[in-house]
Amino acid sequence: MATEVADRLLTVDEFLEWESRQTFRHELVKGRVVHMPGASRPHNRIVLDLARSLEDRLHSQACEVFAVEVGVLVNLEGTYTYPDVMVVCGEQKIRADAPQSSLENPTLLFEVLSPSTEMYDRNQKLEQYRQIPSLLGYFLVAQDKPLIEAHTRSFDDWQYREYAGLDARLHIPTPDCEIPLSEIYRRVSFADA
């Protein structure tokens, strides 16, 4: 379960300094340090296959795909996260005093839902991520069934759409690509999820 681990609010600078000394991964949400639990095998399989599928489709569009260990500086007021998969198109912006694994301008963010973090991903992260000026899409990927919920931006308007079933194709409008859900979930047995 995602749990808070500090008694006081931290700044992003304090968090990054503290996090550099930790064995396990944490995120900072509105100044609160949150411990992130380990991931299941289906979760890891989905992350890897999703990242591979995105890389195959986007490498020629000046986009780079990152998985798990690259953080996002969401805002200076106290939010720093590690999305499961991130896409950055164009020049990558890295805060000068942040680690090289910290980006400020994601284009697409993907979170694979887990029972312990689902509400956090659906609520706090969605609220915070929608404030990132460069973000064009936030995707919630189920691991217990073939389902992806897409929040995509067109100008200042956010749209929501679901893609369900192994025959469905996830459409990402910007950068333009489609991925069959059967490819993302190819190594997941839903009986075991």
Side-chain angles (χ1 to χ4, degrees), residues 2 25 27 29 34 36-59 61 63-74 79-90 92 101-154 158-166 168-188 193:
R25 192 171 59 147
E27 292 185 337
V29 178
V34 179
M36 299 308 296
S40 67
R41 288 176 52 189
H43 184 284
N44 284 323
R45 288 174 177 153
I46 292 167
V47 166
L48 290 173
D49 288 335
L50 174 60
R52 182 180 302 116
S53 295
L54 287 163
E55 178 68 27
D56 287 348
R57 286 161 177 81
L58 299 178
H59 74 276
Q61 297 189 40
C63 298
E64 191 165 356
V65 179
F66 300 94
V68 182
E69 296 302 324
V70 176
V72 174
L73 180 62
V74 178
T79 301
Y80 185 91
T81 65
Y82 292 93
D84 289 315
V85 178
M86 174 174 30
V87 175
V88 180
C89 297
Q92 297 172 17
S101 62
S102 302
L103 295 168
E104 294 183 337
N105 63 326
T107 306
L108 306 172
L109 297 174
F110 296 82
E111 295 287 0
V112 177
L113 299 174
S114 299
S116 61
T117 61
E118 181 171 356
M119 296 314 295
Y120 169 57
D121 292 339
R122 286 187 182 284
N123 297 302
Q124 290 99 328
K125 281 190 177 178
L126 174 61
E127 174 189 334
Q128 294 290 304
Y129 286 165
R130 286 173 58 150
Q131 296 174 27
I132 301 171
S134 63
L135 191 67
L136 299 176
Y138 177 50
F139 303 86
L140 299 167
V141 183
Q143 64 174 305
D144 61 341
K145 58 189 164 200
L147 174 67
I148 298 178
E149 299 171 67
H151 298 265
T152 57
R153 183 191 331 232
S154 176
W158 284 89
Q159 292 92 37
Y160 172 83
R161 181 163 179 198
E162 288 186 4
Y163 299 88
L166 292 174
R169 298 177 68 83
L170 171 64
H171 175 69
I172 301 171
T174 308
D176 187 30
C177 75
E178 279 195 359
I179 305 171
L181 267 63
S182 60
E183 192 173 305
I184 296 168
Y185 290 102
R186 70 183 180 87
R187 296 185 298 146
V188 176

*Asks:* Report the residues that fulfil side-chain contact (heavy atoms from CB on, under 4.5 Å) with H59, sequence neighbours left out, ordered by chain and then residue number.
*Replies:*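 Partners of H59 by the side-chain contact (heavy atoms from CB on, under 4.5 Å) criterion, ordered by chain and then number, come out as E55.
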*Asks:* State the CG-CD1 distance between L170 and I148, to the nearest 0.5 angstrom.
*Replies:* 4.5 Å
*Asks:* Mind checking what makes ring pair (Phe, Tyr, Trp, His ring centres under 6.0 Å) contact with F139, not counting sequence neighbours?
*Replies:* F110
*Asks:* What are the two closest non-hydrogen atoms of L113 and R122, and how far apart are they?
*Replies:*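 Answer, listing the atom of L113 first, then R122: CD1-NH2, 3.5 Å.
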*Asks:* So with a 6.0 Å cut-off around CZ of R187, is the heavy-atom count from everything else above 12?
*Replies:*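 For R187, atom CZ is crowded (more than 12 foreign heavy atoms under 6.0 Å).
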*Asks:* I'd like to check the disulfide bond (SG atoms under 2.5 Å apart) partners of C177; sequence neighbours left out, ordered by chain and number.
*Replies:*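 Result, disulfide bond (SG atoms under 2.5 Å apart) vs C177: none returned.
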*Asks:* If the condition is side-chain contact (heavy atoms from CB on, under 4.5 Å), which residues does R52 pass it with, not counting sequence neighbours?
*Replies:*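 For R52, the residues satisfying side-chain contact (heavy atoms from CB on, under 4.5 Å) (neighbours in sequence not counted) are D49, D56, R186.
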*Asks:* Just by distance, do the side chain of S40 and the backbone of H43 share a donor-acceptor pair under 3.5 Å?
*Replies:*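 Between the backbone of H43 and the side chain of S40 there is a qualifying donor-acceptor contact (under 3.5 Å).
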*Asks:* Can you tell if the side chain of S154 reaches within under 4.5 Å of the side chain of Q159, non-hydrogen atoms only?
*Replies:*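 Of all side-chain heavy-atom pairs linking Q159 with S154, at least one is under 4.5 Å.
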*Asks:* Could you give me the CA-CA distance, side-chain angles and deciding distance for K125 and Y120, then say whether side-chain contact (heavy atoms from CB on, under 4.5 Å) is met?
*Replies:* CA-CA 6 Å; K125 281 190 177 178; Y120 169 57; 3.3 Å; yes
*Asks:* Please give me the minimum heavy-atom distance between Y185 and V141, naming the atom from each residue.
*Replies:* OH-CG1, 3.3 Å
*Asks:* Under a 3.5 Å distance rule, please check whether E178 uses its side chain to pair with a backbone N or O of H171 as donor and acceptor.
*Replies:*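 No; judged by distance alone, with no hydrogens or angles, the pair does not exist.
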*Asks:* Looking only at heavy atoms, what is the nearest atom pair of V47 and A67, with distance?
*Replies:* CG1-CB, 4.1 Å
*Asks:* Between C63 and V87, does the side-chain contact (heavy atoms from CB on, under 4.5 Å) criterion hold? Intermediate values first, please.
*Replies:* CA-CA 7 Å; C63 298; V87 175; 4.0 Å; yes
*Asks:* Holding to side chain to side chain donor-acceptor pair (under 3.5 Å), I want the full list of residues that pass it with R41, two or more places apart in sequence or in another chain.
*Replies:*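 By the side chain to side chain donor-acceptor pair (under 3.5 Å) rule, R41 matches no residue at all.
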*Asks:* Passes side-chain contact (heavy atoms from CB on, under 4.5 Å), L126 versus R130? Steps please.
*Replies:* CA-CA 6 Å; L126 174 61; R130 286 173 58 150; 3.5 Å; yes
*Asks:* Under the side chain to side chain donor-acceptor pair (under 3.5 Å) test, which residues partner T107, sequence neighbours left out?
*Replies:* none
*Asks:* Kindly write out the residues that satisfy side chain to side chain donor-acceptor pair (under 3.5 Å) with H151, not counting sequence neighbours, or none if the list is empty.
*Replies:*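 For H151 there are no side chain to side chain donor-acceptor pair (under 3.5 Å) partners, ignoring immediate neighbours.
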*Asks:* Kindly write out the residues that satisfy side chain to side chain donor-acceptor pair (under 3.5 Å) with N105, not counting sequence neighbours, or none if the list is empty.
*Replies:* none
*Asks:* Is a side-chain donor or acceptor of D121 paired with a backbone partner of E111 at a separation under 3.5 angstrom?
*Replies:* no
*Asks:* How long is the gap from OG1 on T152 to CD1 on I172, to the nearest 0.5 Å?
*Replies:* 10.0 Å
*Asks:* Name all residues meeting the salt bridge (charged side-chain N to carboxylate O under 4.0 Å, His left out) criterion together with E183; count only those two or more places apart in sequence or in a different chain, and write none if there are none.
*Replies:* R57
*Asks:* What's the shortest heavy-atom distance between P83 and E27, and which atoms?
*Replies:* N-OE2, 4.5 Å
*Asks:* Run the side-chain contact (heavy atoms from CB on, under 4.5 Å) test against R153 and tell me which residues pass, sequence neighbours left out.
*Replies:* L135, W158
*Asks:* Minimum heavy-atom separation for P42 and V188, please, with both atom names.
*Replies:*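 Smallest interatomic distance, heavy atoms only, reads O-CG2, 4.2 Å.
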*Asks:* Excluding sequence neighbours, so at least two apart, what forms side-chain contact (heavy atoms from CB on, under 4.5 Å) with Q92?
*Replies:*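 If we apply the side-chain contact (heavy atoms from CB on, under 4.5 Å) test to Q92, skipping adjacent residues, the hits are E64, F66, V88, L103.
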*Asks:* Nearest 0.5 Å, please: how far is OG1 in T81 from CG in L109?
*Replies:*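 The distance works out to 7.0 Å.
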*Asks:* Give me the atom names and distance for the closest heavy-atom approach of S53 to I179.
*Replies:* CB-CG2, 3.8 Å
*Asks:* About how many Å separate CD1 of I184 and CG of L147, when rounded to the nearest 0.5 Å?
*Replies:*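 So the CG of L147 and the CD1 of I184 are separated by 11.0 Å.
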*Asks:* Once rounded to the nearest 0.5 Å, what's the spacing between atom OG1 of T79 and atom CD of Q124?
*Replies:* 10.0 Å
*Asks:* What distance separates L166 CG from K145 NZ, expressed to the nearest 0.5 Å?
*Replies:* 13.0 Å
*Asks:* List in chain and number order the residues that pass ring pair (Phe, Tyr, Trp, His ring centres under 6.0 Å) with Y82, two or more places apart in sequence or in another chain; answer none if no residue qualifies.
*Replies:*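 Result, ring pair (Phe, Tyr, Trp, His ring centres under 6.0 Å) vs Y82: Y80.
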